[in-house]
Amino acid sequence: MTPELDVLLVPPGDRWPDTDACAVVDALRATTMAATLLHSGATAVIAAETESAARALARELGALLAGEVGGLPPAGFDLGNSPSSVKAATVAGREVVLFTTNGTRALCAAAARGPAAAACALNAAAAARWLAEWHRVAIVCAGEARGTVFALEDLAAAACIVRALVAARPGLELGDGARLALMLPDPVTAIGASAHADALRALGLGEDIAAAQAVDTVPFVPVVTARGAGWVRLEPVRA
């Protein structure tokens with residue numbers, strides 16, 4: 001059978017496709033943050049579906065608490081959702097609980113349906129290698145407004161992964177979302193041209209855009225290794 005790949009422009013709610021594995025993309029900024037935290041030495045990232053779950057998990061695990069609401073860290077969080085500000089001295093050897101408005105929700109939803117990973121431009125090649133191990137795969141864009149609105153930067157980061165996967169697996173059968181991703185002439189520039197990028201610049205977080213535009217700087221993919229009610233555990237896997 002011919003391997004299949006599609007890109008979902010937003011999470012599909014209750015109607016997820018019948019796939020063997022999914023990679024979730026929230027380029028600005030949850031999956032970029034997860035990859036950066038692990039690349040900086042964090043032992044695991046626990047993505048939480050809700051802010052209350054994140055706070056409870058961080059207390060229970062003695063973990064650092066990171067994330068955002070409206071782009072900025074809520075009161076009491078140790079870190080925001082800013083990959084450009086991650087310091088190895090702070091996160092190395094620690095577990096980090098991460099909650100974001102869109103990306104961590106999408107990760108929890110994807111993991112409830114099968115093998116799932118967090119992907120972005122930083123680990124595009126590694127994510128492509130991980131997806132290549134499966135037959136029917138999807139890249140799920142986290143989107144905006146709790147996954148109800150399309151986000152250009154997610155499609156752009158997905159395009160980096162699609163390009164790598166198509167190069168590695170000639171003859172791959174592509175859905176329309178994957179075909180659309182391949183039509184972006186310059187995915188890296190598109191990440192910075194998105195409406196969400198403009199919103200981050202307005203918050204003074206422009207450095208996070210540049211951080212999300214780095215391609216193949218992380219040699220692994222954060223893969224869901226455990227899950228519970230309202231959370232998933234991500235650990236680095238070199239595919």
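The figures that follow rest on heavy atoms only: side chains count, while hydrogens, waters and symmetry mates do not.
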**Request:** Take atom CD of E133 as the centre, draw a 6.0 Å sphere, and report whether it contains more than 12 heavy atoms from other residues, nucleotides or ligands.
**Result:** yes

- More than 12 foreign heavy atoms under 6.0 Å from CG of D176: is that the case here? no

Is it true that a side-chain atom of [X] and a backbone atom of [Y] form a donor plus acceptor pair closer than 3.5 Å?
| X | Y | result |
| --- | --- | --- |
| T31 | A119 | yes |
| D154 | C141 | no |
| R136 | D20 | no |
| R169 | A132 | yes |
| D6 | A178 | yes |
| D186 | T189 | yes |
| N102 | R146 | yes |
| D216 | A125 | yes |

Separation between [atom1] of [X] and [atom2] of [Y], rounded to the nearest 0.5 Å:
| X | Y | atom1 | atom2 | result |
| --- | --- | --- | --- | --- |
| L38 | L122 | CG | CG | 11.5 Å |
| R227 | E49 | CZ | CD | 10.0 Å |
| E68 | T101 | CD | OG1 | 3.5 Å |

Nearest heavy-atom contact between A48 and L57 is CB-CD1, 4.2 Å

Got a salt bridge between R233 and E95, using NZ or NE/NH1/NH2 to carboxylate O under 4.0 Å? yes

Using distance alone, with no hydrogens and no angle criterion, decide if D208 and S84 have a side-chain donor and acceptor under 3.5 Å apart.
->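 Their side chains do contain a donor-acceptor pair, which is all the 3.5 Å distance test asks for.
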
